[in-house]
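Worksheet: the structure to be examined is printed underneath.
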Protein chains: 2
Amino acid sequence: MKPAFRLEDHLCFSIYSCSRAILRMYQPVLKKLEITYPQYLVLLALWENRECSVKQIGVLLDLDSGTLTPLLKRMESKALLQRKRSLDDERIVTVRLTEKGAALKEKAVCIPETLIRSSQMTEAEIQNLNRTIKLLTQQVTQGQMK
Amino acid sequence: MKPAFRLEDHLCFSIYSCSRAILRMYQPVLKKLEITYPQYLVLLALWENRECSVKQIGVLLDLDSGTLTPLLKRMESKALLQRKRSLDDERIVTVRLTEKGAALKEKAVCIPETLIRSSQMTEAEIQNLNRTIKLLTQQVTQGQMK
DNA sequence: CTCCTTTATATTTTGCACAATTTAAACGTA
DNA sequence: TACGTTTAAATTGTGCAAAATATAAAGGAG
C-alpha cells in the first residue's frame, strides 16, 4: 500500500502551522506590552523564579545561549530584567526581573486566556491536548537521542 | 478561583516547543537532502502541483511573499526549481520543479515516516491529533479575523 | 482613454532559532 | 600543582517569519 504523501497529512506541518497561527493571534496583545513571544516565555519562566541562570532558562524553554544571549540583552535594554555574572561561579550569568518586568505579569494574564477562549474547547479538552503534545515532544526528543 | 499561570500549562508553549523538537529530529535527513524544513514544505506543495504561483504556495503554506521570495530564490540557485514571470499576467511569478527537484521526492518519503515511527502512536491516533490541531488552528485564525 | 483601486511580488528591517566555534572559568586527578 | 576535561556563555553565520512599505501590472468605473 502506498502511503499518502500529502501536505495536509503531515502532522509536522499542522503543528508548525498552528504554532504560527497562535503567535499571530497573540501579536496585538504582545505589541501592547512591547514584547515578543519568546520574550513572553522568558517572563513566564522568571515570574515563577524571580532569579534564574541563563542555563536554567535554556532548559525550561529548550533554547540555547545563541538564542538567549541576544534576546536577554534586548530585554535588559528595555529594563525588564538585569543580567549579572555570578560571584560564586563566574561562568554563570544570573538573570533577575526588575520591578517593571514583574509588573507586566498583571497585563499578561489575558494572553493564555485569549487562546483558551478562541479555541472553543473545554478546559479538559485543552489539558488533554496539552498532555498529548507533550508526550509527542518527549517521544520525538528521545528518538533523537539514540 | 485563581488561574494557574504556569509555563507548563501553556498550550501555546507545548505546541511551539513540539514543532521545534520535530524540526530538530528532521535535521539529519534534511541535511542529507541539502534543504531546510520550509524548503521541504515548498517541495511538498510542488510535488502535488508541478507548477504553482508564488501566491498559491503562500496560501498552501500560509507564508507571505516576504518569506517566500528569498526562500524560492535560494531554491532556484540550488536548481530545485525555476521561477518565471507569467506572460499572461506579469504580476504573477510561476514556480515549477526541475528534474532535480522532482527527483528529491524519492528520498524524502522517509521524513514523515520518521515522525510516525518515533511518535509511538497508532495511525489513528496521529490522524486524530492532526484533525484536532487543524481545528484549533482554524478557530484561532477565525477568532483573529473579527 | 484616464484615474482609482486591487492584486502579486519584492524589499527592508527586526528578531528569533540553531549549528558551530570560541573563551574562560571550574573541576578532577595524577 | 599542572593538565586535560567539562561547563556556561558568548559569538558568528545562515535562514526563516512577519510587519511595513514599495513597485508595477491588471481591472474597473465614469
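Proteins come first, then strands; the chains are lettered A, B, ... in the order of their sequence lines, and each starts at number 1.
In this entry the distance linking OH of B:Tyr37 with P of D:dC16 reads 13 Å, nearest Å. Look at CD1 on A:Ile57: it is 15 Å from C1' on D:dA10, rounded to the nearest Å. Atom P of nucleotide D:dT14 and atom CD of B:Glu34 are separated by 16 Å, given to the nearest angstrom. Distance B:Leu71 CG to D:dG15 P: 10 Å, rounded to the nearest Å. The distance between atom CG of A:Leu23 and atom P of D:dA17, rounded to the nearest whole Å, is 11 Å. One interatomic measurement links the two molecules: NZ of B:Lys84 to C1' of C:dA10, which rounds to 20 Å at whole-angstrom precision. Across the protein-nucleic acid pair, A:Ile35 atom CD1 and C:dT14 atom C1' stand 16 Å apart, rounded to whole Å. At whole-Å resolution of the value, CG in A:Asp89 and P in C:dA26 are 5 Å apart.
Within the structure, a side-chain polar atom (N or O) of A:Arg85 is placed less than 4.0 Å from OP1 or OP2 of D:dA10. Put simply, B:Ser65 has no side-chain N or O that comes within less than 4.0 Å of OP1 or OP2 on C:dT9. Between A:Arg24 and D:dA18 there is a side-chain N or O to OP1 or OP2 distance below 4.0 Å. A sub-4.0 Å separation between OP1 or OP2 of D:dT6 and a side-chain N or O of A:Lys55 is absent. Contact check, B:Lys31 against C:dA20: a side-chain N or O comes under 4.0 Å of OP1 or OP2. For C:dA8, neither phosphate oxygen OP1 nor OP2 lies less than 4.0 angstrom from any side-chain nitrogen or oxygen of B:Gln56. Remark: B:Arg20 is not in phosphate contact with C:dC16, judged by side-chain N or O atoms under 4.0 Å from OP1 or OP2. Contact check, A:Arg83 against D:dA10: a side-chain N or O comes under 4.0 Å of OP1 or OP2. Within the structure, every side-chain polar atom (N or O) of A:Thr67 is placed at least 4.0 Å from both OP1 and OP2 of C:dA17.
Comparing A:Glu90 and A:Arg74 by the nucleotide of DNA chain C whose heavy atom lies nearest to each, the residue mapping closer to the 5' end is A:Arg74. DNA chain D is contacted by both A:Ile92 and A:Ala21; A:Ile92 maps to the nucleotide lying nearer its 5′ end (nearest heavy atom per residue). Remark on DNA chain D: of its neighbouring residues A:Tyr16 and B:Asp88, the 5'-side contact belongs to A:Tyr16, judged by nearest-heavy-atom nucleotide.
Contact annotation: the side chain of B:Leu104 never approaches that of B:Tyr40 to less than 4.5 Å [non-hydrogen atoms, C-beta and beyond]. Looking only at side-chain heavy atoms (C-beta outward), B:Leu80 and B:Glu76 stay at 4.5 Å or farther from each other. In this structure, the side chains of B:Leu81 and B:Arg96 stay at 4.5 Å or more apart for every pair of heavy atoms.
Residue contacts for B:Thr36: at a heavy-atom cut-off of 4.0 Å it reaches the sugar-phosphate backbone alone, with no base atom in range. At a threshold of 4.0 angstrom between heavy atoms, the contacts of B:Leu68 with the nucleic acid are absent.
Between the side chain of B:Arg91 and the base of C:dT9 there is no donor-acceptor pair of N/O atoms closer than 3.5 Å.
Using a 3.5 Å distance cut-off with no hydrogens or angles, the side chains of A:Ser14 and B:Asn130 do pair a donor with an acceptor.
Aromatic ring orientation, B:Tyr16 versus A:Tyr37: perpendicular (interplanar angle above 60°, classes split at 30° and 60°).
The CD atom of A:Gln56 lies 7.0 Å from the CG atom of A:Asn49; values are rounded to the nearest 0.5 Å.
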